[in-house]
Visitor: 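My questions all concern the structure below.
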Amino acid sequence: MNADRSVGPTRRAFLGAAAATAGLAAAGSATAQEGGVDFGGWFDDVDNYDGVVDARGQSEVTVDVGAQGNGGAFAFGPAAIRVDPSTTVVFEWTGEGGQHNVVTEEGVELGSELTDEAGFTFEHTFEEEGITTYYCEPHRSLGMKGAVVVGDQGAGPVQLGEPDYGDWFADVENYEETVDRRGQSEVTVEVGAQGNGGAFAFEPAAVRVDPGTTVVWEWNGEGGQHNVVSEEGESFESELTEEAGFTFEHTFEEEGVTTYFCEPHRSLGMKGAVAVGNVGGPAAEEGGVDEAFANRVFGAFGAVLGLLTLPVVAGLLYIYVNRRSYQRPDEGPAIEAEGTGKGTVQKLTHDEYDPVGTAALVAFYFVLVSLLWVFMYFVEFLGNGPTVIG
Amino acid sequence: MEIHRFEKVWVACALLLIVGFIATITYGAVGAGVAMVNDEGGTVDAQNLQDTEFADPGVRQVGANEYEVYVVAQQFIFRPGTNEDIVLPANSEVTFYITSADVVHGFNIVGTNVNSMAIPGQVAKLTVQFDEPREYGIVCHEYCGAAHHEMAGIVRVVPESEFSMADTAASDTTAEEDGGDA
């Protein structure tokens, strides 16, 4: 996420005029970690999200579907709740804001009917600890999203932001974020997982572990020969093999980031990283946002300045090209005096005068209109099938 | 009043141009077969779409190469289209039946002439011939609310060999219809 923001400001900078407001919004929600749970940006566009509401100790909890928020009755109220395992969450439709439903993004499978009936309910009993994020299909883009946190997880220490990998993951398709595997003494990474256009991925691409954790890479036998070679950080190198079930392990003692790759498939994006300990964190994330924001503001300023300059440049160019005609008023009278000096003014009758210039101009307009018509009707309209034929 | 001979020429040209415009449009309707969307689709009760053919919208096969697609436009999705693609085989004649469940929406297959309003209570019926496998976007082009700009979908025209009714959206209805056909 950070890498993405800091890598691609050039094109965005030019679109900056439009994006400046978006930049402000992004800066305002740099971390969505209130309540100690990292929803990974899930609630960034949810107006009515205000931390995780603690509903532990209750056997049944009600969430309003169609609560006020997100520019209408397009919210779950409350957006995020924390419940004990084996709690039944009852979703109750308010009947406002049109048709809503409850569909899982990640976690426990939920799938309600799509309805706008007031009083309609849908319930689910959450047995296992974990986070379930869900949304309403029609209004997802408005921010009608919610989450159920089951158990005490995340209630303790604050989660960390992404470590700074530079642009290591810029070409790694299957990298989304660092998977937190702290608290485990052994962590497995799959070698040859699907991704990067075939079985050319490490899964997960990035893991966060505690110091002293052993990371075990396990080959699944797909995608040809792979190996695991460290780039920066701790140093290790495995055999190059395609044997399914082959494993290679390394124990990470020191805090820090180690990046590694598969030699044969590095160019395809078969790269990974292990973050040990509490590296990275909110500080790094804020820096990234500020930089991106600065780029946007600069881009917007540049765009406005450019737009203002354009007519001035065009005007100067016009004057330069037509500079001769500006001198005519001085020379003009002299020529006229010469002409009238002969004293005879010939009078032309109506049909004797031929406005050839005007005729040429009119002819040009006719040709132009005809061509545009042909282009619009035959090329743009009839040429762009399919067409409604019945 | 005297009219200059040049003026006579360009007045004649202007009249000729108008005749030309009308002729091309006539050609489009008669020769190229471009039809207008009219009220042929009939009306439905927008409040009770579950009692109509729109209860289970999706693709239905009605002939060898003929399909019907029922689409409900609502704030802010096309059903089907947005959450699941509308999948159709190439070389098929497809009749879209489009209505709205709430407010006025638009239905435009981007870059083509397949374009209609979706009005609550009114069914827009439009028949289209899809020749080549290709993916088309659908957009709503009538302002319909806060997330109007997000309201879009996909029509995926796949090679006939890859098409199977089992993949289409209205699986329940399809099963029944297939049974009826067999």
Visitor: Does B:Phe96 reach the side chain of A:Val388, with side-chain heavy atoms less than 4.5 Å apart?
Guide: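 They are not in side-chain contact.
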Visitor: May I ask you to decide if the ring planes of A:Trp373 and B:Phe21 are parallel, tilted or perpendicular, using 30° and 60° as cut-offs?
Guide: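 If you compare the ring of A:Trp373 with that of B:Phe21, the planes turn out tilted.
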Visitor: To the closest 0.5 Å, what do you measure between NE2 (A:His100) and CD (B:Gln75)?
Guide: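 Rounded to the nearest 0.5 Å, the NE2-CD separation comes out at 9.5 Å.
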Visitor: If I compare all heavy atoms of A:Leu114 with all of B:Gln74, which pair ends up nearest, and what's the gap?
Guide: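 Here A:Leu114 and B:Gln74 meet closest at CD2-NE2, 3.6 Å.
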Visitor: What residue in B:Asn38, B:Asn115, B:Ile77 has the most heavy-atom pairs under 4.5 Å with chain A?
Guide: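 Looking at each option in turn, the highest pair count goes to B:Ile77.
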Visitor: Between B:Ile25 and chain A, which part of the residue has a heavy atom less than 4.5 Å away: side chain, backbone, both or neither?
Guide: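 For B:Ile25, heavy atoms of backbone and side chain both lie under 4.5 Å from chain A.
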Visitor: Enter the distance from B:Phe6:CZ to A:Thr358:OG1 here, rounded to the nearest 0.5 Å.
Guide: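 Reported value, rounded in 0.5 Å steps: 9.0 Å.
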Visitor: Please output the residues of residues 121-131 of chain B in contact with chain A, using a heavy-atom cutoff of under 4.5 Å, in numerical order.
Guide: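 Only B:Lys125, B:Leu126, B:Thr127, B:Val128, B:Gln129, B:Phe130 of residues 121-131 of chain B have a heavy atom under 4.5 Å from chain A.
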Visitor: Using a cut-off of under 4.5 Å for heavy-atom pairs, which of A:Val362, A:Val374, A:Asp116, A:Val369 has the most such pairs with chain B?
Guide: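 Of A:Val362, A:Val374, A:Asp116, A:Val369, A:Val362 has the most heavy-atom pairs under 4.5 Å with chain B.
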Visitor: When heavy-atom pairs shorter than 4.5 Å are enumerated against chain B, which of A:Gly72, A:Ala359, A:Ser370 gives the highest number?
Guide: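 Among the listed options, the one with the most contacts to chain B is A:Ala359.
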Visitor: Where along residues 99-112 of chain B does a heavy atom come under 4.5 Å of chain A, listed by residue number?
Guide: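 Answer by number: B:Gly111, B:Thr112.
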Visitor: If you count every heavy atom of other residues, nucleotides or ligands that lies below 6.0 Å from A:Tyr365 atom OH, does the total exceed 12?
Guide: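 No - once you tally the heavy atoms of other residues, nucleotides and ligands closer than 6.0 Å, there are 12 at most.
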Visitor: Under 4.5 Å, counting heavy-atom pairs only, tell me which of B:Glu132, B:Arg79, B:Arg134 racks up the most with chain A.
Guide: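 The option with the most such pairs is B:Arg79.
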Visitor: With rounding to the nearest 0.5 Å, note down the distance linking CD1 in A:Ile389 to CD in B:Glu93.
Guide: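 Nearest 0.5 Å value for the CD1-CD distance: 4.5 Å.
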Visitor: I'd like to know whether CD of B:Gln47 has more than 12 heavy-atom contacts from other residues, nucleotides or ligands below 6.0 angstrom.
Guide: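 No, CD of B:Gln47 has 12 or fewer neighbouring heavy atoms, counting only those of other groups under 6.0 Å.
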Visitor: Can you establish whether the number of heavy atoms outside B:Glu160 located under 6.0 Å from its atom CD is more than 12?
Guide: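 Counting neighbours around CD of B:Glu160, more than 12 heavy atoms of other residues, nucleotides or ligands fall under 6.0 Å, so yes.
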Visitor: For A:Phe381, does its backbone N or O pair with a side-chain atom of B:Asn113 as donor and acceptor, under 3.5 Å?
Guide: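 It does hold such a pair.
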Visitor: Decide yes or no for A:Leu382 and B:Tyr27: does some side-chain heavy atom of the first lie under 4.5 Å from some side-chain heavy atom of the second?
Guide: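 Yes, at least one pair of side-chain atoms sits under 4.5 Å.
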Visitor: Among B:Thr82, B:Thr24, B:Val114, B:Val34, which has the most heavy-atom pairs under 4.5 Å with chain A?
Guide: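 Of B:Thr82, B:Thr24, B:Val114, B:Val34, B:Thr24 has the most heavy-atom pairs under 4.5 Å with chain A.
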